[in-house]
Colleague: 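Right, I'll just put the structure down here and ask away after.
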Amino acid sequence: MLKFDLNFLWTIINLILFFVLMRFLLFKPIKKILTQRQEMIDNQFKDAENAREQADLLKNQYESELAGVEDEKKQIITDARADAKAEYDKIVNRAQSDADRIKSDARKAADAETEKARLSVKEGIAQLAMETAAKVVGEKSSAEIDSSIYDKFLNESSDD
């Protein structure tokens with residue numbers, strides 16, 4: 001059978017004492033350090049999660065702002081094109097009205113020159129007719145006859 005002696009009892013008491021001392025002097029501080037480290041790691045994970053959520057929030061905010069900027073850019077381009085088209089139409093209309101005015105002025109000037117040339121030719125023909133009539137009639141022509149021949153010629157040539 002088993003023999004129960006004093007050494008065995010001292011060994012058990014020593015083991016119990018050693019376990020209690022180890023528990024208070026080693027296990028509790030190590031457990032406390034491990035608990036603190038676990039809390040620190042958990043806090044770091046929470047902080048990282050919060051930072052990720054905040055980054056996602058900022059990312060979404062920036063993406064929405066970027067979409068707003070894209071819309072604003074498109075609106076600015078559309079407005080600029082409309083303004084450019086209006087300015088183009090305004091310049092074209094002004095150029096067209098200037099061209100019409102220049103054509104009208106040129107037509108009036110051409111008509112005036114034509115009328116002036118026509119009157120000059122009529123006067124030249126009338127003068128020739130007077131000289132011819134004077135030669136035909138001879139020295140008998142008077143200022144009164146010349147004037148009536150001249151008026152008659154002008155009336156006939158204006159009818160043509």
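For the single chain, residues carry numbers from 1 onward in sequence order.
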Colleague: Hey, quick one: are I125 and L119 part of the same hydrophobic cluster, counting side-chain heavy atoms closer than 4.5 Å, chains of contacts allowed?
Modeller: no

Colleague: Is it true that the side chains of D42 and Q38 contain a donor and an acceptor less than 3.5 Å apart?
Modeller: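 Q38 and D42 do have a side-chain donor-acceptor pair below 3.5 Å.
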
Colleague: Is K46 paired with E49 through a side-chain N to carboxylate O contact shorter than 4.0 Å?
Modeller: no

Colleague: Could you grab the distance from atom CE of M40 to atom CD1 of I33, nearest 0.5 Å is fine?
Modeller: 11.5 Å

Colleague: Which pairs with one or both residues in residues 88-105 pass salt bridge (charged side-chain N to carboxylate O under 4.0 Å, His left out), sequence neighbours excluded?
Modeller: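 Of all non-adjacent pairs touching residues 88-105, those that pass salt bridge (charged side-chain N to carboxylate O under 4.0 Å, His left out) are K85-D89, D98-R101, R101-D105.
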
Colleague: When you measure from the side chain of S120 to the backbone of K116, do you find a donor-acceptor pair of N or O atoms at a distance under 3.5 Å?
Modeller: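 No.
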
Colleague: What is the distance from atom CD1 of I76 to atom CG of D71, rounded to the nearest 0.5 Å?
Modeller: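 Going from the CD1 atom of I76 to the CG atom of D71 covers 11.0 Å.
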
Colleague: In Å, rounded to the nearest 0.5 Å, how long is the span from OG1 of T78 to NZ of K73?
Modeller: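 It comes to 11.0 Å.
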
Colleague: State the CG-CH2 distance between N14 and W10, to the nearest 0.5 angstrom.
Modeller: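 Reported value, rounded in 0.5 Å steps: 7.5 Å.
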
Colleague: Considering residues, nucleotides and ligands other than E115, do more than 12 of their heavy atoms fall under 6.0 Å from its CD?
Modeller: yes

Colleague: Under a 4.5 Å side-chain heavy-atom rule over Ile, Leu, Val, Met, Phe, Trp and Tyr, are I30 and F18 clustered together?
Modeller: yes

Colleague: Is the shortest heavy-atom distance from the side chain of K31 to the side chain of T35 under 4.5 Å?
Modeller: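 Yes. Closest side-chain heavy atoms under 4.5 Å.
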
Colleague: How long is the gap from CG on N50 to CZ on F45, to the nearest 0.5 Å?
Modeller: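 So the CG of N50 and the CZ of F45 are separated by 13.5 Å.
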
Colleague: With a 4.5 Å cut-off on side-chain heavy-atom distances among I, L, V, M, F, W and Y, is there a chain of contacts connecting L6 to L17?
Modeller: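 Both belong to a single hydrophobic cluster.
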
Colleague: Side chains of E39 and N43: donor-acceptor distance under 3.5 Å anywhere?
Modeller: no

Colleague: A side-chain contact here means heavy atoms from C-beta on lying under 4.5 Å apart; do F27 and F19 qualify?
Modeller: yes

Colleague: Are R52 and D56 within salt-bridge range, i.e. N to O under 4.0 Å?
Modeller: yes

Colleague: Same hydrophobic cluster for L34 and M22, using side-chain heavy-atom links shorter than 4.5 Å among ILVMFWY?
Modeller: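 L34 and M22: one cluster.
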
